Amino acid sequence: MSERLSEETRGPLLDPLLANGWTMVQGRDAITKTYSFDTFVEAIGWMMRVAIWAEKWNHHPEWSNVYGKVVVVLTTHDVGGLSSLDAKLARKMDSLC
Ligand SMILES: C[C@H](O)[C@H](O)[C@H]1CNC2=NC(N)=NC(=O)C2=N1
């Protein structure tokens, strides 16, 4: 199982994401990003591609979709905060859109 990111390890993993549209969630050890697609079909197509990786890695996003917009929150419930799996899934999400 993944461990909660320590103060030393989180900078190198999170800083590139925070420079690429991800932000910290207030009051939670979690990151969030809102993706915007031109159409609903593009949004759910991207969600399906992400879902395949999420299932493969057994690491699942909290997310919601309205038309072309997808709001994502990533955290690791098993450790009560951010782990390297969240950074890995966030990078995959960015690479798939
Ligand atoms: C039992 C199951 O394997 C666990 O609950 C997995 C599934 N997917 C998960 N996804 C996320 N985001 N965090 C988890 O801690 C987590 N744990």
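Atom set for the values below is all heavy atoms of this structure, side chains included, hydrogens, waters and symmetry mates excluded. One-based numbering along the sequence shown. What you see is a predicted model; the values in this text were computed from it and never measured. Both counts, for ligands and for their atoms, begin at 1 and track the order of listing.
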**Q** Is there a side-chain contact between Thr76 and His59 in this structure, where contact means two heavy atoms from C-beta onward sitting under 4.5 Å apart?
**A** yes

**Q** Counting only N and O atoms by type, is there a donor-acceptor contact under 3.5 Å from the side chain of Lys33 to the main-chain atoms of Asn20?
**A** yes

**Q** Does the protein put a heavy atom less than 4.0 Å from atom 1 (C) of ligand 1?
**A** no

**Q** Does Thr76, backbone or side chain, put an N or O under 3.5 Å from an N or O of ligand 1?
**A** no

**Q** State the CE-CG distance between Met24 and Leu14, to the nearest 0.5 angstrom.
**A** 6.5 Å

**Q** Should Leu13 and Val25 be regarded as members of a common hydrophobic cluster, given that ILVMFWY residues are connected when their side-chain heavy atoms come within less than 4.5 Å of each other, either directly or indirectly?
**A** no

**Q** So if I count the atoms of ligand 1 from 1 in the order they appear, which ones are less than 4.0 Å from some heavy atom of Thr75?
**A** 11 (C), 12 (N), 13 (N)

**Q** Is any side-chain heavy atom of His77 closer than 4.5 Å to a side-chain heavy atom of His60?
**A** no

**Q** For atom 8 (N) of ligand 1, find the nearest protein heavy atom and state the residue, atom name and distance (0.1 Å precision).
**A** His60 ND1, 2.8 Å

**Q** Give the residue, atom name and distance (to 0.1 Å) of the protein heavy atom nearest atom 6 (C) of ligand 1.
**A** Asp78 OD2, 3.8 Å

**Q** To the nearest 0.1 Å, how far is atom 14 (C) of ligand 1 from its closest protein heavy atom, and which atom is that?
**A** His77 N, 3.5 Å

**Q** Starting from atom 3 (O) of ligand 1, which protein heavy atom do you reach first, and at what distance in Å?
**A** Asn58 ND2, 2.8 Å

**Q** Look up atom CZ in Arg10 and atom CZ in Arg4, then write down how far apart they are to the nearest 0.5 Å.
**A** 6.0 Å

**Q** Assign the ring pair Phe37 / Trp46 to parallel, tilted or perpendicular, where the plane angle (0 to 90°) is split at 30° and 60°.
**A** tilted

**Q** Out of all atoms in ligand 1, which are within 4.0 Å of some heavy atom of His59? Include the element for each.
**A** 10 (N), 11 (C), 12 (N), 13 (N)

**Q** If we only count N/O pairs under 3.5 Å, is Asp86 in contact with ligand 1?
**A** no

